[in-house]
Asker: 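Sending over a structure as structure tokens; questions will come in a sec.
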Amino acid sequence: MEKKYYQKVYYKAEQFNGEQALADKYHMKCRKAKDGTIHFLLGNRRVHLGDWLVRKEYTDKVKPVDNYCFELLFKRNEDY
């Protein structure tokens with residue numbers, strides 16, 4: 001008989017504001033576009049200003065999440 005188990009998973013989130021320090025911290029690539037703007041790439045995904053960089057606690061995998069999805073998927077833990 002199967003039993004279901006669950007655990008609470010905590011995430012660390014940081015909002016990307018275009019600082020070079022954050023780009024270096026998460027090993028992002030910076031590319032200059034033809035129109036002169038700078039594009040930040042995390043893996044193969046482009047990170048826009050205001051996006052959230054989310055990672056599970058105790059891991060190194062980072063995923064960019066836009067503002068709308070962030071509000072839907074994640075809730076703030078006031079105790080932490």
Side-chain angles (χ1 to χ4, degrees):
M1 180 171 184
E2 285 186 17
K3 295 182 180 179
K4 294 183 180 180
Y5 294 93
Y6 70 93
Q7 68 181 26
K8 210 175 212 183
V9 179
Y10 288 100
Y11 290 87
K12 302 236 179 198
E14 197 168 0
Q15 195 164 23
F16 183 67
N17 55 6
E19 289 182 0
Q20 189 62 39
L22 276 178
D24 293 340
K25 179 180 177 181
Y26 292 110
H27 308 290
M28 291 185 196
K29 296 177 187 172
C30 301
R31 296 235 170 114
K32 193 168 186 179
K34 292 180 181 177
D35 61 353
T37 59
I38 297 174
H39 293 180
F40 294 96
L41 302 172
L42 182 63
N44 291 331
R45 294 187 62 184
R46 183 173 170 202
V47 180
H48 298 87
L49 296 178
D51 283 356
W52 290 87
L53 301 170
V54 178
R55 71 175 176 88
K56 282 185 186 177
E57 200 171 33
Y58 308 116
T59 63
D60 292 333
K61 284 180 74 173
V62 178
K63 146 176 118 165
V65 178
D66 66 355
N67 261 336
Y68 179 72
C69 289
F70 184 78
E71 290 177 9
L72 291 176
L73 296 175
F74 301 101
K75 295 179 181 169
R76 185 178 178 137
N77 186 2
E78 301 295 336
D79 302 332
Y80 194 61

Asker: Please say yes or no: joined through hydrophobic side-chain contacts below 4.5 Å, possibly via intermediate residues, are Leu22 and Ile38 part of one cluster?
Answerer: yes

Asker: List the residues meeting ring-ring contact (aromatic ring centres under 6.0 Å, His included) with Tyr11, not counting sequence neighbours, and say none if there are none.
Answerer: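 In terms of ring-ring contact (aromatic ring centres under 6.0 Å, His included), with neighbours along the sequence ignored, Tyr11 is linked to Phe74.
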
Asker: Which residues satisfy the ring-ring contact (aromatic ring centres under 6.0 Å, His included) test with Tyr26, sequence neighbours excluded?
Answerer: none

Asker: Supply the atom-to-atom distance Lys29 NZ to Arg31 CZ, rounded to the nearest 0.5 angstrom.
Answerer: 6.0 Å

Asker: Do Leu73 and Val54 sit in one hydrophobic cluster, given that two such residues count as connected whenever their side-chain heavy atoms are within less than 4.5 Å of each other, even indirectly?
Answerer: yes

Asker: Determine the minimum heavy-atom distance between Phe70 and Val65, stating which atoms define it.
Answerer: N-CG1, 3.6 Å

Asker: So how far is it from Lys12 NZ to Arg55 CZ, rounded to the nearest 0.5 Å?
Answerer: 6.0 Å

Asker: Starting at CG of Asp51, measure out to CD of Gln15 and round the result to the nearest 0.5 Å.
Answerer: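 The CD atom of Gln15 is 8.5 Å from CG of Asp51, to the nearest 0.5 Å.
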
Asker: Kindly compute the distance separating CE (Met28) from CG (Leu53), expressed to the nearest 0.5 Å.
Answerer: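 Reported value, rounded in 0.5 Å steps: 4.5 Å.
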
Asker: I need the Lys32 NZ to Lys34 NZ distance, nearest 0.5 Å.
Answerer: 14.0 Å

Asker: Indicate the atoms forming the closest heavy-atom contact of Gly50 with Asn67, along with that distance.
Answerer: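 Shortest heavy-atom contact: O-OD1, 3.5 Å.
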
Asker: Tell me, yes or no, whether the heavy-atom count around Asn17 atom CG, taken from other residues, nucleotides or ligands under 6.0 Å, exceeds 12.
Answerer: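 Counting neighbours around CG of Asn17, more than 12 heavy atoms of other residues, nucleotides or ligands fall under 6.0 Å, so yes.
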
Asker: Around atom CG of Asn44, are there more than 12 heavy atoms of other residues, nucleotides or ligands at under 6.0 Å?
Answerer: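 Atom CG in Asn44 is not crowded, with 12 or fewer foreign heavy atoms closer than 6.0 Å.
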
Asker: Shortest non-hydrogen contact from Phe40 to Gly18?
Answerer: CZ-O, 3.9 Å

Asker: Please tell me whether Gln20 and Asp24 have a donor and an acceptor in their side chains that are separated by less than 3.5 angstrom.
Answerer: yes

Asker: If you measure from NZ on Lys25 to CZ on Phe16, what distance do you get to the nearest 0.5 Å?
Answerer: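 CZ of Phe16 is found 12.0 Å from NZ of Lys25.
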
Asker: Please step through side chain to side chain contact (heavy atoms under 4.5 Å, CB included) for the pair His48 and Asp66, ending with a clear verdict.
Answerer: CA-CA 8 Å; His48 298 87; Asp66 66 355; over 6 Å; no

